[in-house]
Amino acid sequence: MRAVRGSGGGYALAKAPSEINMEDVFLHLEGEIAPVRCLTKGRRCQRESQCSTRGFWKELDSHIRGFLQRHTLQEIIESEKRSASGGNYVEL
């Protein structure tokens with residue numbers, strides 16, 4: 001995605017929606033998706049080796065990322081087009 005600032009700005013796709021997985025979308029728009037801060041890139045917890053819940057959070061993070069990676073922006077667009085919401089869909 002490319003960001004355009006200022007009046008009339010927004011986001012423009014740098015590649016086809018079918019080539020953009022939803023993890024990419026979340027990372028570009030939200031910055032990070034880890035369920036806990038200690039799993040974000042560049043962070044380390046001093047108590048990591050003693051943390052009794054770290055394995056749980058890592059597994060949850062893996063499931064979330066895997067789910068997002070399996071779905072594309074194209075799928076979301078197509079789903080919106082098919083919805084019975086009265087024709088409110090995303091146009092590219």
Counterpart residues, ring pair (Phe, Tyr, Trp, His ring centres under 6.0 Å), relative to His63 (two or more places apart): none
Any residue meeting ring pair (Phe, Tyr, Trp, His ring centres under 6.0 Å) with Phe67, in chain and number order, not counting sequence neighbours: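 Listed in chain order: His71.
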Just how far is it from atom [atom1] of [X] to atom [atom2] of [Y], taken to the nearest 0.5 Å?
X     : Y     : atom1 : atom2 : result
Arg54 : Ser49 : CZ    : OG    : 10.0 Å
Leu68 : Leu27 : CG    : CG    : 8.5 Å
Cys38 : Glu48 : SG    : CD    : 7.0 Å
Met22 : Gln69 : CE    : CD    : 12.5 Å
Ile64 : Leu39 : CD1   : CG    : 10.0 Å
Ile77 : Lys81 : CD1   : NZ    : 7.0 Å

Check: Ala34 main-chain N/O paired with Glu32 side-chain donor or acceptor under 3.5 Å: yes
N/O donor-acceptor pair under 3.5 Å between Thr72 side chain and Glu75 backbone: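 Side chain of Thr72 to backbone of Glu75: a pair is present.
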Student check: side-chain heavy atoms of Leu13 and Leu73 closer than 4.5 Å: yes
Side-chain touch Arg65/Ile33, heavy atoms, less than 4.5 angstrom: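 Side chain of Arg65 against side chain of Ile33, heavy atoms only: contact under 4.5 Å found.
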Contact summary for Asn21 and Asp24, nearest pair of heavy atoms: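 Answer, listing the atom of Asn21 first, then Asp24: OD1-N, 2.9 Å.
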Residue Gln46 excluded, over 12 heavy atoms near CD under 6.0 Å: no
